[in-house]
Protein chains: 2
Amino acid sequence: MQSEGVASRSAEHRDSTRESRNGTPHLDAVSLAIIEQLQEDGRRPYAAIGKAVGLSEAAVRQRVQKLLDQGVMQIVAVTDPLTVGFRRQAMVGVNVEGDVESIADALTDMSEVEYVVMTAGSFDILAEIVCEDDDHLLDVINKRIRALPGVRSTESFVYLKLKKQTYMWGTR
Amino acid sequence: MQSEGVASRSAEHRDSTRESRNGTPHLDAVSLAIIEQLQEDGRRPYAAIGKAVGLSEAAVRQRVQKLLDQGVMQIVAVTDPLTVGFRRQAMVGVNVEGDVESIADALTDMSEVEYVVMTAGSFDILAEIVCEDDDHLLDVINKRIRALPGVRSTESFVYLKLKKQTYMWGTR
DNA sequence: GCCAAGGCTGCGAAATCCGCAGGTCTCGGT
DNA sequence: ACCGAGACCTGCGGATTTCGCAGCCTTGGC
């Protein structure tokens, strides 16, 4: 049953999370509600979530597991690295000539890069990087990122202070 | 099994999280190790974490609760709003004349703003905003942000595709 | 109509969470 | 020096939650 092959047969039974064109699943209202619950508290018991969204404990558990497996969401601890102590952080705007996506992929492969997004505007890509110290930061930006073939230019914004960080879209 | 814990029971004074001048607590190695565990899996059982860091289940539970209460970390579900479906996202660079922090606070108060960071570079502040649709996005940027007294200029980067999003500083 | 697949429910059994009492250590006041 | 307060840890039961699985229902293909 581990088909997972290309298999894209049109055979499409009903499914709370089915694939659309690029492989990103479409979510129904119940899954959205479950995610909202977990955005408030990632450790909330399945039974409590079930009560809130109108499903049994087991059903919630299965759906959560599926959302996790599909990579639609992740349940994790988030912190402000600056608060936690060591490390330098910065956002880097990148301009690319040629294939933007391949550069984005290259950035994604770097362990120091935590966040990569392709954008419209005066930057093609924004990447957030977390480093040990200034030397490390400098090294990543100047030696690694600027060295990528296709990178036309970069601009850096070193983090001074994180003011807000939430994950509550949908609940307001 | 000699729990290879991180705890070094001697040199350390008491109080695993004590305040420094700005109110941000200083964390000891054990708390860092606990956070690392929860960055891998926010639902990992306390007993398993305890085994990994060399503490009892109850001790881990107390520390996690404290870290949560202090706001040092949060355990939540994170998603890519673009994947989840609706909503437009953008990063906005802001230039300020006068008090930067008060503008940052004003941005923090907006529910559409999920992320605010003060930076060094050609922007004073970077803010990530999540909106219902293009109209909403336009409204927030032009009517709300630009209207703030002290905002000299803004530049927007509309998100096209999120490529990477991790929370694993410290584990590499 | 029949069958396969996906999803939901309803159980026990196992594991986890929770609250609390009791012990140790350090600091600071008397 | 003595003693109390505060912070932290451990060790327990008991309440909850998680887990795995069998069974039922519905949908869509053949």
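All of these numbers come straight from a predicted model, not from anything done at the bench. To find a chain, count down the sequence lines: A is the first, B the second, and so on, and within it residues start at 1.
Within the 3.5 Å criterion, the main-chain N or O of A/Met168 finds a donor-acceptor partner in the side chain of B/Glu114.
In plain terms, the two heavy atoms of A/Val94 and A/Val151 that are nearest each other are CG1-CG1, 4.0 Å. For the pair A/Ala90 and A/Val158, the tightest heavy-atom approach, listed with the atom from each and the gap, is CB-CA, 3.9 Å. Of all heavy-atom pairs between A/Arg43 and B/Leu38, the closest is NH2-CD2, 3.7 Å.
Atom CD in B/Gln62 sits about 18 Å away from atom P in C/dT16, given to the nearest Å. Across the protein-nucleic acid pair, B/Leu38 atom CG and C/dC17 atom P stand 10 Å apart, rounded to whole Å. We find that CD of A/Gln70 is positioned 14 Å from C1' of C/dG7, with the value rounded to whole Å. For B/Asp69 and D/dA7, the CG to C1' distance is 15 Å, given to the nearest whole Å. Regarding B/Lys51, its NZ atom lies at a distance of 15 Å from the C1' atom of D/dT10, rounded to whole Å.
Using a cut-off of 4.0 Å between Lys/Arg side-chain N and Asp/Glu carboxylate O, B/Arg88 and B/Asp133 are scored as not salt-bridged.
Contact annotation: A/Lys66 side-chain N/O to C/dG6 OP1/OP2 distance is not under 4.0 Å.
Distances from the side chain of B/Ala59 to the nucleotides D/dT10, C/dT9, D/dC8 place D/dT10 closest.
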- Nucleotide by nucleotide, nucleotides 15-20 of chain D touches protein heavy atoms under 4.0 Å in the pattern (B base, S sugar-phosphate only, - none) --SBBB
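Evaluation of the side chain to side chain donor-acceptor pair (under 3.5 Å) rule for A/Glu101 yields B/Lys161, B/Lys163 as partners, not counting sequence neighbours.
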